[in-house]
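Here is the structure we will look at.
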Amino acid sequence: MKPYLLLLLLGLSACSSQKPLTAEMKPTSLKAINLEETLSRRDELMMTWSLTAFDSHNNLVGAASSAWGVETVKKGATLLFDKQAPVQISIPKGGKVVASLVLIEVDDYSQAQQLIKRIRDINGWIQVPVGFFALGVELLTPLKYVTTALTAAGLGIQFTDRLDKDDVLGQSSVELRDTPDSRKKPESVMHIPARFTGRHLRDSFEYVVEYDIQLKRMKIKPVSGR
């Protein structure tokens, strides 16, 4: 066999055996610059985040979620998430993954804590049958992405019920696409700072949440069932 043919075959073999591009998301820190609850001088917070995967036709095909809280936070506090496990999902060929995060001020501690435990118990990404969700993808907010991911896990109703009582302090999203250029790039990490500010009655709040998104070549398996 001629040398250039051998090299070509080896190149094709390497491409065909390349592991899928996988997105991994993990919060790294939260800083309370100013609180929503001025009188009590503390906020009770929960945070939930998700990765939602869409194929080349914008069909939702997978979701992975996790959550943190409920924690009491005082003004000036900085929290680190060193022990927080990341969520992972494969990026469909020609498709995309949306990483979304929502910070919430909790009204009912016990019910929110139960929801967080259920979200953590899923512990993996869930495959979604094409057509299971009818979505206007281009119109989705970070909160809707998170709600959709939890709905795929059977927890969307409980999460929506929580939002009827709790205050959404902020939401953030980053979109990752599978392109010819992204397939050529080595593993990479993006550090995302999200600043959440606003007012509630006479109180104003300001939080900074930072999270990392890492792209790597690895195979992962979905959890069984929904």
Side-chain angles (χ1 to χ4, degrees), residues 25-52 63-87 98-126 140-174 192-213 226:
M25 179 183 185
K26 178 184 176 182
T28 56
S29 66
L30 180 150
K31 185 173 183 179
I33 298 173
N34 201 19
L35 304 182
E36 184 184 38
E37 297 291 343
T38 303
L39 293 178
S40 65
R41 296 184 179 180
R42 64 181 187 181
D43 283 347
E44 291 188 328
L45 304 177
M46 69 170 284
M47 188 165 58
T48 182
W49 54 96
S50 67
L51 293 171
T52 43
S65 304
S66 191
W68 163 87
V70 174
E71 294 287 343
T72 299
V73 178
K74 295 182 179 181
K75 183 176 179 178
T78 298
L79 306 181
L80 302 178
F81 301 100
D82 296 337
K83 297 181 180 180
Q84 185 69 53
V87 291
V98 180
S100 305
L101 179 145
V102 179
L103 181 66
I104 299 168
E105 207 279 323
V106 170
D107 178 64
D108 189 316
Y109 179 96
S110 61
Q111 290 187 14
Q113 194 67 50
Q114 292 175 14
L115 174 61
I116 290 169
K117 182 180 183 302
R118 293 194 63 192
I119 295 173
R120 287 176 174 171
D121 286 345
I122 298 169
N123 193 31
W125 71 277
I126 297 170
L140 290 182
T141 63
L143 178 59
K144 289 182 180 179
Y145 279 114
V146 169
T147 304
T148 298
L150 294 177
T151 300
L155 300 174
I157 295 177
Q158 294 93 323
F159 182 65
T160 302
D161 288 345
R162 288 250 43 84
L163 297 180
D164 289 339
K165 301 176 182 179
D166 303 331
D167 296 325
V168 176
L169 301 180
Q171 45 187 312
S172 173
S173 272
V174 175
I192 313 297
R195 185 177 297 271
F196 304 140
T197 61
R199 296 188 63 85
H200 180 250
L201 300 178
R202 295 183 178 180
D203 300 328
S204 61
F205 62 87
E206 182 176 2
Y207 283 93
V208 175
V209 176
E210 296 187 358
Y211 58 97
D212 286 350
I213 301 173
R226 289 196 312 112

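None of the values given here were measured: they were computed from a predicted structure. In this chain, residues are counted from 1 in sequence order.
- Using a distance-only test at 3.5 Å, with no hydrogens or angles considered, no donor-acceptor pair links the side chain of T52 to the main chain of A149.
- Contact annotation: the side chain of L45 approaches that of W68 to within less than 4.5 Å [non-hydrogen atoms, C-beta and beyond].
- Heavy atoms from other residues, nucleotides or ligands lying under 6.0 Å from CD1 of I157 number 12 at most.
- Rounding to the nearest 0.5 Å gives a distance of 9.5 Å between CD of E71 and CD of E44.
- In this structure, the side chain of D108 engages the main chain of S110 through a donor-acceptor pair within 3.5 Å.
- Annotation: side chain of D161 is not in contact with side chain of L115 (no heavy-atom distance under 4.5 Å).
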Please tabulate, for side-chain N and O atoms in residues 78-86, each donor-acceptor pair with protein atoms closer than 3.5 Å (sequence neighbours left out).
none

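- Side-chain contact between L143 and F159: present, with at least one pair of heavy atoms (C-beta onward) separated by less than 4.5 Å.
- Counting heavy atoms from C-beta on, the side chains of S100 and S50 come closer than 4.5 Å.
- Note that OG1 of T141 and CD of Q171 are 5.0 Å apart. Values are rounded to the nearest 0.5 Å.
- By the 4.5 Å heavy-atom criterion applied to side chains, Q113 and V106 are not counted as neighbours.
- With rounding to the nearest 0.5 angstrom, the NZ atom of K144 is 9.0 Å from the OG1 atom of T148.
- Smallest separation of non-hydrogen atoms from A32 and V73: CB-CG1, 3.5 Å.
- Nearest heavy-atom pair across S66 and V87 is CB-CG1, 3.6 Å.
- In this structure, OG in S65 is found 7.0 Å from CD1 in I119, a value given to the nearest 0.5 Å.
- Atom NZ of K74 and atom CG of D43 lie 12.5 Å apart (nearest 0.5 Å).
- Listed here is the closest heavy atom pair of S172 and P142: O-CB, 3.5 Å.
- A 4.5 Å side-chain heavy-atom check between Y207 and L35 finds at least one atom pair inside the cut-off.
- Closest approach of I116 to A67, counting heavy atoms only: CG2-CB, 4.0 Å.
- Atom NZ of K75 is surrounded by 12 or fewer heavy atoms from other residues, nucleotides or ligands within 6.0 Å.
- Each of L101, V146, T147 was compared with T48 under the side-chain contact (heavy atoms from CB on, under 4.5 Å) criterion, and only V146 meets it.
- Contact detail for M25 and A99: the closest heavy-atom pair is SD-CB, 3.7 Å.
- Under the 4.5 Å side-chain criterion, counting only non-hydrogen atoms from C-beta, L51 is not in contact with W125.
- Separating the CG atom in D167 from the CZ atom in F205 is a distance of 8.0 Å, to the nearest 0.5 Å.
- Counting all heavy atoms, side chain and backbone alike, A112 lies closest to M46 at CB-SD, 4.3 Å.
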